[in-house]
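The block underneath contains the structure these notes are about, expressed in structure tokens.
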Number of protein chains: 2
Amino acid sequence: MPKYVYFFGKGEGEGDASMKDLLGGKGANLAQMAKMGFPVPPGFTISTEVCTYFYQNGQNYPKELKAQVEEALKGVEKERGSVFGDKENPLLFSVRSGARISMPGMMNTVLNLGLNDEITEKLAESNARFAWNSYWRFIFMFADVVMALPKEELDEALEGVKKEKGYKLDVELLAEDWKEAAQRLKNKVSVLAGREIPQDPHIQLWEAVGAVFKSWNTPRAITYRRLNRIPEEWGTAVNVQSMAFGNINDQSASGVGFTRNPSTGDKNLYGEFLPNAQGEDVVAGIRTPQPISELEKTFPECYSQLLEISKKLEEYFKDMQDIEFTIENGKLWMLQTRTGKRTAQAAVRIALDMVEEKRIDKKEALLRIDPKSVESFFRPSFDPKAAKKVIAKGLPASPGAAVGEAVFDSDEAVRLMEEGRKVILVRMETSPDDIHGIDAAQGVLTSRGGYTSHAALVTRGMGKPGIVGCETIFVDHKKEQFEADGIVVKKGDKISIDGTSGEVLLGEVPTLEAAVSGDLGKIMEWADEERALRVFANADTPAQAKQSKDFGAEGIGLCRTEHMFFEESRIEIFQEMILAKDKEARESALAEILPLQKSDFIEIFKAMEGRPVIIRLLDPPLHEFLPKEEGDIKSLAQKIGVSEEELKSQAESLKELNPMLGHRGVRLAIVYPEIYQMQARAIMEAVCELAKEGVKVSPEIMIPLVVSLEEFNIIKDLIEDVCREVKDSYQVNPEYKIGTMIETPRAALLAGKIATAAEFFSFGTNDLTQTTLGISRDDAGRFLPKYLEKKIFKDDPFLSLDQEGVGSLIKVGVRAGREANKDIQVGICGEHGGDPETIEFCHKIELDYVSCSPFRIPVARLAAAQAKIKSKIN
Amino acid sequence: MPKYVYFFGKGEGEGDASMKDLLGGKGANLAQMAKMGFPVPPGFTISTEVCTYFYQNGQNYPKELKAQVEEALKGVEKERGSVFGDKENPLLFSVRSGARISMPGMMNTVLNLGLNDEITEKLAESNARFAWNSYWRFIFMFADVVMALPKEELDEALEGVKKEKGYKLDVELLAEDWKEAAQRLKNKVSVLAGREIPQDPHIQLWEAVGAVFKSWNTPRAITYRRLNRIPEEWGTAVNVQSMAFGNINDQSASGVGFTRNPSTGDKNLYGEFLPNAQGEDVVAGIRTPQPISELEKTFPECYSQLLEISKKLEEYFKDMQDIEFTIENGKLWMLQTRTGKRTAQAAVRIALDMVEEKRIDKKEALLRIDPKSVESFFRPSFDPKAAKKVIAKGLPASPGAAVGEAVFDSDEAVRLMEEGRKVILVRMETSPDDIHGIDAAQGVLTSRGGYTSHAALVTRGMGKPGIVGCETIFVDHKKEQFEADGIVVKKGDKISIDGTSGEVLLGEVPTLEAAVSGDLGKIMEWADEERALRVFANADTPAQAKQSKDFGAEGIGLCRTEHMFFEESRIEIFQEMILAKDKEARESALAEILPLQKSDFIEIFKAMEGRPVIIRLLDPPLHEFLPKEEGDIKSLAQKIGVSEEELKSQAESLKELNPMLGHRGVRLAIVYPEIYQMQARAIMEAVCELAKEGVKVSPEIMIPLVVSLEEFNIIKDLIEDVCREVKDSYQVNPEYKIGTMIETPRAALLAGKIATAAEFFSFGTNDLTQTTLGISRDDAGRFLPKYLEKKIFKDDPFLSLDQEGVGSLIKVGVRAGREANKDIQVGICGEHGGDPETIEFCHKIELDYVSCSPFRIPVARLAAAQAKIKSKIN
């Protein structure tokens, strides 16, 4: 008979921590804790197989389920010495979801299940306030979660009572007030739902279980899964656990904590608790809780027990744990343990410490750190020397510095972000409905909540700055402003937040760049020992080159020569070249450009100290560089001595219908060879000048957008002629390479031919994705979101490589290229070079290097190491 | 010792007709004719291997060459009984190029080589006029071809004499005038070249041989090779042949002819001759020659000898021959034979006749016809009922009707063509320098020249209408006009020319469509018996569907539903749909469109009488349909009730940076499913309505731009839902297929997956070429010509499939698709479907069908048959 229900209780667990797939993370770990002898309120887990069955069978359960649940219920009753549905000695349950991996805030919970009018009346005889408050909570949660009634309407019952009584806070309510609130809520529910809250606890249970399974497919759960790449097929388990009450009296409390500090990684039990409260109160952030260290004073025995349990949990799980507990009338109950989320900084610190503590080895330490999170190390911090106007200070929930316009609404945050504006989301508190707003914002500031509030968890998870519980600011959502220290900050006003210190700053505070050092430096060192892939940088200027080297780049994989002209002082010369009426005029403009490029190359070569520098010759369509603003047009027209009219009509004639597939890349040089001749000359003069000074340089000249060997050879010959001439005139003979970007499907398909002449390939995955999928990145906004929503694409193919399509072309190109030329050096450049999944793919197909933007170099170094470690494990 | 020189003479030839690769076409056939005992002036051929050697060795000759040439010279001297360089009894030579296949007018020739001052003086003693005229010719040709001096300057010598003497025509010149002209020309040459014309005949010979080899790489030779796909490596041979003089006296003549009529295919010796002239005079078209039948009167013996030789040549070569001959003082000399160019009509006629004559079999007959030429059968002819104003009549050199603006310059013709204008090139005569102009024009009209003049040969070769020798028009190149019958036609005025009748018509004469019948019908019948590939049509309207069926289409391979909206009466409804603000508005506009589409589908299905009809759902980006003209914007704004401003801004917001890669194809339906729902409904209602009437229909619904199985399945489900509903409501159950276009590289790479759900694939080679090469067809004009010029691409990849790149993707897609679904039907649509080379490729990779535009259906039928025949031979 298939087993669907797994019991856990005192010293006993039918499951254990290894059974997350079947029991979900929460259920497996509850069973594990029970097995380890920790005080876990007994209960049982309905496995994820039931969820799968449920969706595959028209939302019905397997026939064996009922009996198994009944049996498990009996076991709980026995252990707790109370009976489900019994009015004398009632057993109450919490019903929670539990997927394979933690999905905070995404799934719905019902507490105090098992209460009804009769039982509550009876319970009230001994503890009236607790009884009616608990009943009100049950009704509210059941109505919200199971019956899906609108929260705002449900709120009215309690608000009505408070208003009539003149209360401000919930704690002011007396037992009879809670009773009144519960009654009113019950009536409200029957009006709204057209039916009563079920009075039969068994019906309550089955409805709640069904609601958990159904909640697996709510839009917000689907969104979360998509964002976190959780397969739909996994399903959720349901945990039915007997209640422990943190709100039974003042000898009770609820708390959450981490076995180490999730912000810094420091080795202290860390967290907070609320006396006389249920767990939801702590997480919701409505009351600001006390630090967990205070527990030592108020509940010393529980505190030392908690320390002991924490230690044992870490020993068992070999990782920092995120725990939930309740103290019921002086007795500690463990409600949950799971591997804790942490900041990138903490992840690194903890991994290092755990290696030192000999709990894990270096490889395991490397695997412990999410490569993407490493990027947050390099979010700029505020310049300590800058003048700062601190207007408030909150809890530093997620480190880093962020600057942006204050916005008070998540939809608005998304809208402004899409306009290219940077925003800080300011809220009284955040909820799962704000995920898209937090995602769009540079950082988040809330006036309520603690370190474990929603805003804190989510910003930490996303690696962006967050300040919570900033109680000295007064947020007015309606007026779209907040007040702090007498200053009113309106929507659109610039503010800066420091997630490391918790300071809220007025205006735009200048930021400082970051560098790899300390803890991360150690991790990077280990990663470098491990990885096979080399990591290069996409760097276009001497400053970027220096920065990349500081971040550990082993070379420059993509130096875009056109970016050298984005400076205002240079763009007009470039525009003059573009608008040249004949070869002579073009060559004369190019002659002006040459020394500028050359001096940039000299600085870049110097910065890279002999490491390879792959320089891509001019790539974009020329018309992209022409002025669009009236003022710029006027200025350029004057400079080159034509009328504005003429300039405009010339620019018009250069326009293209599909510039992405137009006259760009090597095609420019096939028509205007003098452009690449100038660039080759600038490179080689820089090389030769340094060579004469004895400076080592490793230049590699890259021809973009090649589609055939013939095309490559024509340009290769042209470059070689120039290089020969320059070398002769300098009388030195430095080495250099000539290679190509593979960024059209044809180039990948014909890589075997091209490799007979090219010394290196760099897969330009941005353009290769555009051409292989036939999707213009600039225009994809109209349909790509739908494609992600409908799961046509698992990920945005412009962020994470489309391995099946683009990846298979790359494989074809690499194989054919290496067959034809075993010494060919092969790598990728483009956005994907810094994406960990893509890096793993690159490792598997044995590329030589990946090249990514400077800030992502450490991400890539770590991801490359992980790829190697994983490939050995599998 | 390698053999480089091949002798031919009386009854003897070291080579034969099979040795074209080595001796070139001309040399091989001269040897063959000599072997067959025909009167060929003796000479020798320097092989193409020398040309290859020449270019591979810095323009030097192999060391053995000199001795071999000397020996061959001796053989010629012996046979002719005269001596090269001897003043008493001089032997003169022509030096001509001769590549593997005929390249008319492309290569340079030197006649009368061996003359110098001394020899001419001596020769003049017996025939002064001939001697000085021949010397003048030699100097002119040598100066032009070998010394590359400007013709216009060289012309001045003769023109000066004529002017001084008051002559109009060359024939008026007396012996002393020619002597004077030769002297002046000699002086001119030494001034221009800074050196004398060599007086040593051996030096003349070697310089001329070198010039022939060098002429292999002149720009116009390169252009010709590119247009005709002749590999550069082939090289040319040099034919050194003793002279026969058609201009020695009135008992002499030069002529050219065809063993059958090259315009109609009629079985008569056909051609023309000029008495007392050298061959160049006939071909140049300066004097209008006499029909060859006149030869019977003036040179009866030669005529009957020529008839006999013609017959034997046809027997040997099994094809119509193009011959050149000279009569020197009553004796016939054969100068050349080669397979003759012919019109498409003549090619068909001759092939049919040759089968009847049992010279060749049906397969050989099919191979004899250039599939591309078949298209000219379907050039429209003028409506016989239309009013016509005939202003002149010339020789009908190349059949067909053409209409366009008169232009008088080839560069201008190209310029206007590129602007999308249709032109008729009008010239006094054309020369090889006009090839680009002829290529750009709809047709050509010249006032001079005969059937074998340059203009006649070239228009026939290109399959476009041509009238030559239209002596009643007076062309003034300077004023850019011509006068005919008192009417002045200026540049830009519309004229019509009928290449079948030779009539020049004023204005734009309406034309009639063509149909397959008669001779071509027979050929098509044979082709259909032979071919394996099915031939479908790209047809978007009921009229096109009917036409395709008349041309032999076995189905419609591509019915572009958007083309149904190009009609003015329909476009505004469509625009309304595009601009709909929400789904409701869009659906209401779609509801208006539905009956229009449905009625079109009904007509198309009826026209195709049960043959498959593949209907592609909406493909282009919506913004392409929005009005651009102010008037249209105003009208649309009124119709949909918004301001013009608003309409413009809405249109602006729909614009895309790269529409080719934008929101189009299936992506439209992923975002707006209602569009495809409407189209599926229109198709299925049409199908069901006909099914109820008992009309057989085979509808296939094609989803464009698919990149993944998931995407395909979402739309397939959507279509199937609609179809089920429609079928239920009509209570019929007709069959239909759902398939996809494969037009992105990703789709080809993932074809194996997509084929699990798709019932057919149609490779959309236009878009697949754009994406695989990363080239926008609309923008390629700026660089593609350079790519063809530099031989980066052998052919325009948008006209003939890039087999190496795009073709290899198609192969991948076909293989994977068939492996996954053995019943899948696979074909191509797009421009390439009518290209014979592409069709051969499609046959090789075993596609089921090709689909092309209606006029190219017969081309495709023939090409498909040829592909099959060729694949059996190889």
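Letters A, B, ... are given to chains in the order of the sequence lines, protein chains preceding strands, and every chain is numbered from 1. Just so it is clear, the model here is predicted, and its values are computed rather than measured.
With a 4.5 Å cut-off on side-chain heavy atoms, A:D779 and B:L661 do not count as touching. Between A:M660 and B:M660 the shortest side-chain heavy-atom distance does not fall below 4.5 Å. For the pair A:T771/B:P745, no side-chain contact is recorded, criterion being any heavy-atom separation below 4.5 Å from C-beta on.
For A:D767, no part lies under 4.5 angstrom from a heavy atom of chain B. Looking at B:T772, the atoms closer than 4.5 Å to chain A (heavy atoms on both sides) sit in the backbone and in the side chain alike. Only the side chain of B:D802 comes within less than 4.5 Å of a heavy atom of chain A; its backbone N, CA, C and O stay farther away. The part of B:L749 that comes within reach of chain A is its side chain, from C-beta onward, which places non-hydrogen atoms under 4.5 angstrom from that chain. Interface remark: B:K791 contributes backbone atoms only to the contact with chain A (heavy atom separation under 4.5 Å). No part of B:V706 comes within reach of chain A, as not one of its non-hydrogen atoms sits under 4.5 angstrom from that chain. Proximity to chain A is absent for every atom of B:L668, based on heavy atoms less than 4.5 angstrom apart.
Contact tally against chain A (heavy-atom pairs below 4.5 Å) for B:N713, B:V707, B:L773, B:L750: the top residue is B:L773. Across B:K786, B:Q770, B:H663, B:K655, the residue that shares the most heavy-atom pairs under 4.5 angstrom with chain A is B:H663. Looking only at heavy-atom pairs under 4.5 Å with chain B, the residue among A:L784, A:L654, A:V806 that has the most is A:L654.
With values rounded to the nearest 0.5 angstrom, A:I775 atom CD1 is found 8.5 Å from B:R746 atom CZ. Residue B:I792 holds its CD1 atom at 10.5 Å from CG of A:L709, rounded to the nearest 0.5 Å. Atoms CG and CG, from A:L657 and B:D778 in turn, are 5.0 Å apart once rounded to the nearest 0.5 Å.
A salt bridge between B:E710 and A:K790 is absent, with no side-chain N of the basic residue lying under 4.0 Å from a carboxylate O of the acidic one. Salt bridge annotation for B:R782-A:E656: present, with a cationic side-chain nitrogen under 4.0 angstrom from a carboxylate oxygen.
A donor-acceptor contact closer than 3.5 angstrom links the side chains of A:Y787 and B:E711.
Taking both residues in full, the closest heavy atoms of B:F783 and A:R667 are given as CE1-CD, 3.4 Å, listed atom of the first, atom of the second, then distance.
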